[in-house]
Chemist: 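One structure, as structure tokens, below. Some questions next.
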Amino acid sequence: MARGLLENEAELSKRQLHVLMQVSTIFNTSLDFYAVIQSVIEEAVSVIDAADGGVLFLYDEEKERLKVAGSTGFRKKTVNEVLLHSGESMTGQAFQQKKTLHFKTNLEVEEAMKTMTPQNATLYHQSADNLPTSTICIPIMKEENCTGVIVLDRFNQEKFFTEDDIRLVEAISSQAAIAIMNAKLYRNKEASLQQLKQFNQKMINQNERLSRSVETHHALSDIGMNEGSFQEICSYLTKSIGKYVVIFDPFGDVKASSHEDGSLNTHIQTTILKHLNMIQYKKHEVEFVHVKEDLLLFPLGRLTFPLGYMAIISESLPLTRFEHSAVFHACTVAGLQLMKQEAEHKEQQRLTGELLIHLLSTQEEEVDLSFFADRLHTDWEDYFSVAILDVPQCEQGHEEWMRSCIHASIRHLLHKNNTKLLVTEWGRQIVILFHKDRYSGIESCVGSINCFIQDFKQLISKITVEKMCRIGIGKPVKGVLTVGESFEEAKKTIKFLERFTFAGHSSWYGEIGALRLLLNNNEDDLANYALEYLSPLLAYEKRRKGELFQTLFVYLSTGQDLKNASEQLHVHVNTMNYRIQRIQEILAINFNEPSDLMNIQVACTIYRYLFEA
């Protein structure tokens, strides 16, 4: 009898050893983590006759829960969603106590499962048709730590878990711990290798982008060093980033473009003029202007008053890092080209300033006009006329913007018009030296200057409502040596405009006429003279609130034409005649007397400039 028992135990041990060797072989056939997990639970269920289903839980440190890693005999969709706390249900108790637990009866199983959360209980009931009649829970130990639990469930009433089954599953659990650890190490290694591959690929991509970026920067730099055209910059940048590029001057005129459709140009020009207006008080000093979803606008040269603009037109915006870098480099190259052109203009301004100093000097010294003629490309036998632009004094930043705007406007019109001119700073004022071919004649010279001044005012008015400057113009003179005459007339015109007219007005010295004589008297004397003649009429108007004062001005402005004056005032000729008679009575004058007429005309003119300006 005893011999038979020993033989049975030996046979059982032999079978268990065979099973463990078989399980070990299966575990070692794969290093795939999830394949190892699934094989552990499947082998555990297959070698234990009483087991009808099983679940392998692993502890998720991030969620601090036991999570289903593999299962058999259950509906995977629902059982995989179960998350157990430590101490929750049979599995949680085994995990918490770090020892094998055997729940032998369905009552013990039911009692233990009452500790499950409602959500986990619902998921479990959806994953199995019935509660197990018996369950064994074997912790998976790694040294002193529990990393998971193997759970085997019995649903068949006729079978039972034996102590040998428990020992066998514990042995499987020990092997499973090693297999899972190896699979984790392999998975971590694979993840590290994958990360390394991704990093290597990222480095390759970055190197390619860097190489492409360096190539682009070198090419753009070469265009700049070789003084390439703005068209070359546009064409190369479009080829490099695959987006249309347009370069504008400071006022929105196209300088170069890789974009054939010019429908956007009008909109961009409007945006540029608005931007110039916004930055005059430094309220909108930015590196780029986001105009529309498919359009970016970059100021060139400087931000206080750009020397031009670069537009990027594309449906695929915003720019990538490479595109952004390429565009900014192209902006730098284009900006440097514009700054070089500006430096050339400033050199011409300096030479023009030196020329004026020599021409206006009272000391008798010979001037090497040939030197200036060669450098300024000017024929000294031309007709010359001086215009002085008097910039109003204001805040430093705003005045700087105004001066930049004036110089940019002059350069802009110089390229668009046929007018020839030289420009320079003269203290706080800006001096323009117009010159016209000697064979053109004075009328042609005057017409050309008037056209330029009109265009200048229109251009400024598109940017700002402010009056940028007063403009005084001297008469055209023949030959550069007589420029001093035109310069003095321009100075006197500025003085007159400062004293008697609105800021921002412009005039030729010849247009002032006899009023230039007023410059030799102070304002008090002029005011006394005007009021001496007009005060009786002013007092009458104040008492009666009539229209005689206005009638007087209109009558004199029409050359004493009663019909014309009555039409302008919308009154009958007889009414007009009555008013004129009444004015003569109040002022005690006679319009038929030349001296009375002259005195009242001068008085009205002075009054208008002093009190109505």
Chemist: Could you walk me through whether H345 and V423 satisfy the side chain to side chain contact (heavy atoms under 4.5 Å, CB included) test, starting with their C-alpha distance in whole Å, then the side-chain angles of each, then the deciding distance to 0.1 Å, before giving a yes or no?
Modeler: CA-CA 9 Å; H345 285 290; V423 63; over 6 Å; no
Chemist: Is it the case that more than 12 heavy atoms not belonging to K462 sit under 6.0 Å from its NZ atom?
Modeler: no
Chemist: Does the pair S506 and R470 meet the rule for a side chain to side chain contact (heavy atoms under 4.5 Å, CB included), with working shown?
Modeler: CA-CA 6 Å; S506 63; R470 305 178 189 90; over 6 Å; no
Chemist: To the nearest 0.5 Å, what is the distance between CG (L297) and NE2 (H275)?
Modeler: 7.5 Å
Chemist: Answer yes when K492 and E489 have at least one side-chain N-carboxylate O distance shorter than 4.0 Å, and no when they do not.
Modeler: no
Chemist: Between the main-chain N or O of S257 and the side-chain N or O of Q231, is there a donor-acceptor pair closer than 3.5 Å?
Modeler: yes
Chemist: Given side chains that start at C-beta, do those of F248 and I268 come closer than 4.5 Å, heavy atoms only?
Modeler: yes
Chemist: Can you tell if the side chain of Y607 reaches within under 4.5 Å of the side chain of L531, non-hydrogen atoms only?
Modeler: yes
Chemist: Quick one, S314 with Y244, criterion side chain to side chain contact (heavy atoms under 4.5 Å, CB included). Give me CA distance, side-chain angles, the key distance, then yes/no.
Modeler: CA-CA 6 Å; S314 174; Y244 291 120; over 6 Å; no
Chemist: Compute the centroid of each ring, for Y540 and then for F549, and state whether the two points are separated by less than 6.0 Å.
Modeler: no
Chemist: Provide the full list of ring-ring contact (aromatic ring centres under 6.0 Å, His included) pairs with a residue in residues 564-605, sequence neighbours left out, each pair given once.
Modeler: Y555-F591
Chemist: How long is the span from the CG atom in L562 to the OG1 atom in T575, to the nearest 0.5 Å?
Modeler: 11.5 Å
Chemist: What distance separates I388 CD1 from L433 CG, expressed to the nearest 0.5 Å?
Modeler: 11.0 Å
Chemist: Would the distance check show the side chain of S486 and the main-chain N or O of T482 forming a donor-acceptor pair, the cut-off being under 3.5 Å?
Modeler: no
Chemist: Under a 3.5 Å threshold, yes or no: a donor from one side chain and an acceptor from the other, between H217 and S325?
Modeler: yes
Chemist: Please give me the minimum heavy-atom distance between T493 and S507, naming the atom from each residue.
Modeler: CG2-O, 3.2 Å
Chemist: Among side-chain atoms of E547 and T551, is any donor-acceptor pair under 3.5 angstrom?
Modeler: no
Chemist: Below 6.0 angstrom between ring centroids: does that apply to F434 and F452?
Modeler: yes
Chemist: Stepwise, does the salt bridge (Lys or Arg N to Asp or Glu O under 4.0 Å) test hold for E498 with K495?
Modeler: CA-CA 5 Å; E498 283 179 344; K495 184 178 179 182; over 6 Å; no
Chemist: State whether the side chain of W401 and the backbone N or O of L276 hold a donor-acceptor pair below 3.5 Å, judged by distance alone.
Modeler: yes
Chemist: State the CZ-CG distance between R582 and L537, to the nearest 0.5 angstrom.
Modeler: 10.0 Å
Chemist: Evaluate the side-chain proximity of L534 to C604: yes if any heavy-atom separation is below 4.5 Å, no if none is.
Modeler: yes
Chemist: On a heavy-atom basis, which atom in I410 and which in L421 lie closest, and how many Å separate them?
Modeler: CG2-CD1, 3.9 Å
Chemist: Between E381 and K478, does the salt bridge (Lys or Arg N to Asp or Glu O under 4.0 Å) criterion hold? Intermediate values first, please.
Modeler: CA-CA 7 Å; E381 298 301 318; K478 185 72 179 294; 5.9 Å; no
Chemist: Is the backbone of N590 close enough, under 3.5 Å, to the side chain of E593 for a donor and an acceptor to pair up by distance?
Modeler: no
Chemist: Determine the minimum heavy-atom distance between I471 and A387, stating which atoms define it.
Modeler: CG2-CB, 4.5 Å
Chemist: Could you work out, with side-chain contact (heavy atoms from CB on, under 4.5 Å) as the rule, every residue matching K274, not counting sequence neighbours?
Modeler: T270
Chemist: Answer yes or no: is there a side-chain heavy-atom contact under 4.5 Å between I233 and S229?
Modeler: no
Chemist: Are any of the side-chain heavy atoms of L359 and F487 separated by less than 4.5 Å?
Modeler: no
Chemist: For the residue pair L351 and L376, what are the closest heavy atoms and their distance?
Modeler: CB-CD2, 3.8 Å
Chemist: If we ignore hydrogens and angles and just use 3.5 Å, is the side chain of W380 paired with the main-chain N or O of L481 as donor and acceptor?
Modeler: no
Chemist: About how many Å separate CG of D249 and CZ of F230, when rounded to the nearest 0.5 Å?
Modeler: 10.0 Å
Chemist: Kindly check if the number of other-residue, nucleotide or ligand heavy atoms within 6.0 Å of NZ (K491) is above 12?
Modeler: no
Chemist: Does S566 reach the main-chain N or O of K563 with its side chain, forming a donor-acceptor pair under 3.5 Å?
Modeler: yes
Chemist: Is there side-chain contact between H435 and V483, with at least one heavy-atom pair below 4.5 Å?
Modeler: no
Chemist: Give a yes or no answer on whether the side chain of S361 reaches the backbone of I357 with a donor-acceptor pair at less than 3.5 Å.
Modeler: no
Chemist: Heavy atoms only: give me the nearest L319-I312 pair and the separation to one decimal.
Modeler: CD2-CG2, 4.2 Å
Chemist: Could E342 and R302 be called an ion pair, given the rule that one side-chain N must be under 4.0 Å from one carboxylate O?
Modeler: yes
Chemist: Under 3.5 Å, is there a donor-acceptor pair between the T238 and S258 side chains?
Modeler: yes
Chemist: For a quick check under 3.5 Å, do H407 and E425 share a side-chain donor-acceptor pair by atom type?
Modeler: yes
Chemist: On a heavy-atom basis, which atom in I494 and which in G472 lie closest, and how many Å separate them?
Modeler: CD1-N, 3.3 Å
Chemist: Kindly write out the residues that satisfy side-chain contact (heavy atoms from CB on, under 4.5 Å) with R428, not counting sequence neighbours, or none if the list is empty.
Modeler: Q393, E399, R403
Chemist: Are the side chain of S440 and the backbone N or O of D437 linked by a donor-acceptor pair below 3.5 Å?
Modeler: yes
Chemist: Assess K436 against Y383: is NZ or CZ under 6.0 Å from the centre of the six-membered ring, and within 45 degrees of the ring's axis?
Modeler: no
Chemist: Any side-chain to backbone donor/acceptor pair from S557 onto V554? Under 3.5 Å, distance only.
Modeler: yes
Chemist: Passes ring pair (Phe, Tyr, Trp, His ring centres under 6.0 Å), F496 versus Y509? Steps please.
Modeler: CA-CA 9 Å; F496 181 84; Y509 182 70; 9.1 Å; no
Chemist: Is there a side chain to side chain contact (heavy atoms under 4.5 Å, CB included) between C469 and F456 once you walk through the steps?
Modeler: CA-CA 11 Å; C469 54; F456 174 81; 4.1 Å; yes
Chemist: Can you check whether K255 reaches C234 side chain to side chain, under 4.5 Å on heavy atoms?
Modeler: no
Chemist: Going from CZ on F371 to NE2 on H358, what distance comes out if it is rounded to the nearest 0.5 angstrom?
Modeler: 9.0 Å
Chemist: Taking the side chain as every heavy atom from C-beta outward, state whether V477 and S385 have any atom pair closer than 4.5 Å.
Modeler: no
Chemist: Take atom CD in Q550; do more than 12 heavy atoms of anything else shown fall under 6.0 Å from it?
Modeler: no
